[in-house]
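This structure is a prediction, so every number in the text was calculated from the model and none was measured. Throughout, protein chains are lettered first and strands after them, A, B, ... in sequence-line order, and every chain is numbered starting at 1.
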Amino acid sequence: MVTFTQSAYNAREKETAEKISHIKVSNKEMLCHVKPVSCESVIYKRFVSSMTTLTRQDLNFGQVVADILCEFLEVAIHLILYVREVYPTGIFQKRKKYNVPVQMSCHPELNQYIQDTLHCIKPLIEKNDAEKVVVVIMDKEHHPVERFVFEISQPPLLSVSSDALLSHVEQLLRAFILKISVCDAILDNNPPGCTFTMLVHTREAATRNMEKIQVIKDFPWIVADEQEVQMREPRLIPLKTMTSDIVKMQLYVEERAQKMP
Amino acid sequence: MSRGGWRKRASEDDGWGGRGGYMAAKVCKLEEQFRHDAPKQQQHEGISSSIFSGVAIYVNGYTNPTADELRKLMMVHGGQYHMYYSRSKTTHIIASNLPNSKIKELKGEKVVRPEWITDSIKAGRLLSYLQYQLYSRQKSLNFNNVCKLEEPTPGPSNIPKELETRVNGTAKKLPDIMKNVTVKLNGWNGLDNLEEEEEFELNELEPISPVHYWNAFKHSQNPASIANGHAHSSNGALKPLEQTLHPGRTSIGKSPCSLLSRKDVNKELGEMRDYGVQQYSNQNADTHLNLSCPADPPPLHSNIKVNGAHHISVQGPSPSKSTYEPCHKQAAPMSPPSAHPRTTDSSFISEFYSHSRLHHISTWKCEFTDFVNNLQRQSNGFFPGKDKLKRLKNGRVCQPSSDTGNTGPHKHQTCIMHVDMDCFFVSVGIRDKPDLKGKPIAVTSNRGGGRTALRPGTNIQLEMQYYKRRYMKNKGDETKVPGKGDVSASETPDAGLNGVDLDLAALSMAEIASCSYEARQAGIKNGMFFGQAKKLCPSLQSVPYDFNAYKEVALTMYETLASYTHEIEAVSCDEALLDVTDILTDLGLTPDCIANAVRAEIKEKTKCTASVGMASNILLARMATRKAKPDGQCYLKPEEIDDFIRDQLVTSLPGVGKTMGYKLGIMGVRTCGDLQQLSMAKLQKEFGPKTGQTLYRFCRGLDDRPVKTDRQRKSVSAEINYGIRFTQASEAEGFLLDLSDEIQRRLEAAGVRGRRLTLKVMVRKLGAPLEPAKFGGHGICDSLTRTVNLEQATDNSRIICREALKLFHSLKLNVSDVRGVGMQINHLIPVQRRNTVTSPHVAQPYSVKDLLMAKRSKRLSSVPAETCESTSPDKSLLLRNSLCSAPFKQQLTEPTPGTSKSEPVVRYNGGLHTPSKSRANLSIEVPSPSQIDHSVLEALPADIKQQVEQVYLSKSEETPNGFVMDAQPVDTIILQIPEQLGQNSNNGIIVALPEFSQVDPEVFAALPLELQEELKAAYGQRQKTSEGNNNQQLALVTRNPLLHLKQPIVVKTKKRSKKKNVSSPVKKVESPLKVKLLHSPMKNSAIHTRSPQKLIPDFLKREEAAADKLKLETGPSTSGLSTVSQVQGTKASLPQGPNLAGAFELTDIKMLLKEWVTTISDPMEEDILQVVRYCTELIEDKDLEKLDLVIKYMKRLMQQSVDSVWSMAFDFILDNIQVVIQQMYGSTLKIT
């Protein structure tokens, strides 16, 4: 059962510009007899469509970048959940993305949750307002044990000229996926009964816009608790960095030194 | 929960839901009320206007007029008043003062003083809010106080007020005529201005533009000056207008009261105004209005934009202003009377430099350095001065009583002597004029009584204000430093301003280059304007420059010094450092004795006095000189040093300027003694590792800088900030071209090439007057600098210019605001001339090895290689040297005794890349015609295409066997041949192929058929040639170069330790990091920055680098990406990211680190810090992955190393990195 926690609207205005919003998902027991949803084809279609947008004259680079990144994040989140064994392996199915095998959840609610999350993040990325997208894996006590941090920054001048570039980006993203799929070799095992949540670190004043936009109703973002952000003795493990014309992104994991309670 | 303010979500059920919440409803209601009240209020007041339509204000805090009054005003004049601030609706925030937190919060909003509203109403139109801003977002200074003198600003702005009153006093002499004239003219113009308004306007003008009045006044007396000021060559569409204007304007000057001619002028002005209204550029008008006088009603002012290039601002009918044209950018500064060259003239720069005399002096230092170097080279070991000293000593024992005890320690103690002429320019200037001795003298270009005619268009006061403010700021800083107040106000250049009345405007702006001690006592300082100095000290006499004499005296001084020792470091034309240790040891004299002799000799020969300071190091010697001045000498005995340095002010330390002095002052540090109390850690924390360390040492009188007799130039630069007035972008471009030529000349003269270009542009500060007070000067400016790294060291003006233009365009400046342009070339590499090749029999034995090394290093570190076609093997050998990275080279040269002469060759061979050579290379470095994608060729810019075609034409008969390159990078794999000696001339292949045995058969098989063919052909050809070659080559190829590295290390370390014993700090072994810095050009800097000729080779190099990667990258970075993607990665994105000594790629970095760790047994702190810096840059660049890999690699390398020093070095590096990561990410790196 996936339950969305009722999030309270918190208007506490902080002095610091950086606001952290998050959504919480907790899982008790995942049942796995669910028909697979063909997320892959959806994503792939979107990817293709973004490529065609590029060739058009009046393209909106922000949107294209957001499309590409959100798509990638979706794949990455699924894969992280699989690799870090947050959900039983049974709900995942093997698929092909970026020309490499990836694991995708087939649990409709989880998928919906991830898609909704990304839907909210997308406008932020479009405006280059999202600084970090974080997948936090928390233990039973809701203390984070691992954080997968996607640090995103877009170059001030977006210029995409050739089609070759997109395949180039695809290759870079593939490298991320591959790195994620082997990251369990570097990371310590997680304690049983973990949940995950998503955090978005926004740049200045973006929260204000987020409130306005509220892309999906009943899917509000709240300022994250200190407790969920802070981690005891974090250790940083860089995974991958990419630099391309459209986006600069790096992925690193922050891991709690003592994972087992 | 309903804490969402009035943006609260509508779904909340509190009764206001339907209206968007309580606050929203309230705001709505208030707005309604306001709208409702507005007509009433208008009726009540009997006036209404729509000045503020579209303006919505929000009043924050106390204002004058009060918020309520402002509300009424807004009602009456069509504005909006918001009781509650709304970021989206409120356009302006009105406030008189804001707390800091608010300022931060409202960052980016328009916060305006209430005067904006009142003034706008007075003016009857909406004034630009810019100059009413409460604080400005940019760091640009507010010129408000100057522009808006009538404003009752409290506090620090009493100075302008003071000025104002004074100005008023003088200006009042004029008002009678003025008033009449203004009124009449206005009437004539048919502008229905009321009498009162004119009064008002005049009142406004009085304080604001006293200079204008002054102008008018002066002009009326001095018609000639007016004519001069406005006589300018007109061009383009402006011509007719201007010509018609001229007679009118001159007539103003001649007869200020003849209204008739004035009418004519105004008629014309009116015409122009009409014209201007059509092309009224709002922004221009606004800013301009702000500058000149904010309270003028709009019709009186209009900017005419003709051709988009010329601005003429015609300013209302008031006579004071019709004579003043601030916008003749082109005309005013370059006005004919003095026949100054224009910046647009092609010869401007050479003219400038041939006339700029001060420029010459600055170049003398280089000349004298060369002079000393020459002396050293020609030295026959005979020093007449030294001999004289010897005789002196033999003749009469110098100070025998004190001498006997002191000579002992001197024998081992180094002694540095600092010789400095006493106020050089002055003493040279008056050496033939004994009557001037002992009088206050200043050397300056001004010959008169310190006054000059004022040029129109300047706003001297504004500038004075600025300088003063800047000074006050500094002074404020200084006074906070306890005990620094010894600089009294009267001693400062600008202090005279307070006591100076309006005359100030006409004072000479010639700067004082040097003044005598007597003048200094009167408070005059070097760099002061002569006019002010004259005020301070009426008896001040000026002496003109005498450059020949300076040179003569300086030369004499250096000759004198050189007669004692050749250990001379030229500091400037009148200042030198000598290492007299040897003399002391040889002759057993006391330092005082030598100093006496030197000073006496200088005085005798030059008739000028010099002061001498001596101590055990440069720092102390210089400080001693300060104590010795004037005409004295001072020797700091080792035992006195501690006491001496303790009392010195920190600001007397080199490198401690105002900022650092201020910082230290805050920390409670005034003297070096105070500074000694601080720990090294604290200093390093505060000022960075290097500066902190330097401070720590300096304040203890420690300084290990050697007297550098052959100091290498660090940069070559040329800068002009005088007389720069561009009107068109093309002029600026032409100017940059000329400046590049000048740089080229200088680079050639210095025999160096540089790899880093810095462009500095001075831009008129926002709000500064268009025309500075100093004729042709730059006025108040912002300096912008941009730097670019060139791919290769160059001295080619075309390359420099192209880069400079790119930088210039990237600044996106308005060319008319440019006031100065400078270029600087850094990262210099000496040009090695061919004739310094070591004789063949020395070179030969090493040639093969050398070559192979070169190959190897080329392959591993992918230093972009210049493959050179040459007929003689010797030359090619030398050229190949350039491919070799330094550690190898040193290793090769050092083991052989007696090859010390070959060292310079090794060291400087980076300079061998001459453009001409690379051009010659071009013929070989293109793909074979069959490989060319014609669509690509077509898409190339015309000039490049042409060149490519030409190359093919010339190549077609040369060889059918071209280099392999596919236009599609996907298939491009470039392989290298490790040895190629002598085959260049008959073989078209330039890319080195690896041993055939090294070629991966799979890769080979995967290649397209064509490629395979070509490769086979290439190998076939190579075999033929290599058969003819020495067999030795092949034997050596397979050997690991690291084997060679081992042996020389011992030699090197020995050498070093020896050096250390002699305590000569000159580093003999250069660490690979530094050498790389010199030799490896940045590969990844933008490809398009290169000249067309180089485009292709460059591309190839990139490909090579990628291919290298394929072969060598075995580290954990291989992440499943194909090489192809990496090739594309390097191609698609060309980042100017962090680099370690010029290396970007991981493989290069690894190579570099490996070289470093394996070749050097004792890492230098400098290098470690460089690695730390690189890692920090990586963190900042958010490239943690690379950082991780680099650290892991270092860990492997360094912890394997036998020396525990390396482990320690690694720990140090890691600690530093962890600290940075902790700061950035709040966590530390996990090291497995």
Enquirer: Does a side-chain heavy-atom distance below 4.5 Å link A/Leu236 with B/Leu1184?
Expert: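 With C-beta onward as the side chain, the pair touches.
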Enquirer: Counting heavy atoms not belonging to A/Glu141, are there more than 12 under 6.0 Å from its CD?
Expert: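 Yes.
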Enquirer: Please examine the side chains of B/Asp1181 and A/Lys248, heavy atoms only from C-beta on, and report whether any two atoms are closer than 4.5 Å.
Expert: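 A side-chain contact exists here, since the closest heavy-atom pair is under 4.5 Å.
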Enquirer: Under the ring-ring contact (aromatic ring centres under 6.0 Å, His included) rule, collect the residues that match up with A/Phe176, sequence neighbours excluded.
Expert: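 Expected list: A/Phe72.
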Enquirer: Which distance, rounded to the nearest 0.5 Å, do you find between the OH of B/Tyr1225 and the CD of A/Glu151?
Expert: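 Taking OH in B/Tyr1225 and CD in A/Glu151, the distance rounds to 4.0 Å.
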Enquirer: Using modelled atom types only, decide if a donor and an acceptor are shared between the side chain of B/Lys1230 and the backbone of A/Ile186 within a distance under 3.5 Å.
Expert: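 Yes; judged by distance alone, with no hydrogens or angles, the pair exists.
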Enquirer: Could you look at A/Glu233 and say if it's the side chain, the backbone, both or neither that has a heavy atom under 4.5 Å from chain B?
Expert: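 No part of it gets close to chain B.
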Enquirer: Could you tell me which residues satisfy salt bridge (Lys or Arg N to Asp or Glu O under 4.0 Å) with B/Asp1183, sequence neighbours excluded, listed by chain and number?
Expert: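 If we apply the salt bridge (Lys or Arg N to Asp or Glu O under 4.0 Å) test to B/Asp1183, skipping adjacent residues, there are no hits.
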Enquirer: Any donor and acceptor pair, going by atom type alone, linking the side chain of B/Glu1185 with main-chain N or O of A/Thr241 inside 3.5 Å?
Expert: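 Yes.
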Enquirer: Please report the interatomic distance CZ(A/Arg232) to OG(B/Ser1227), rounded to the nearest 0.5 Å.
Expert: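 The CZ atom of A/Arg232 sits 15.0 Å away from the OG atom of B/Ser1227.
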Enquirer: Is B/Ile1221 close to chain A through its backbone or its side chain, or both, or neither, when contacts mean heavy atoms under 4.5 Å?
Expert: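 Just the side chain, heavy atoms under 4.5 Å.
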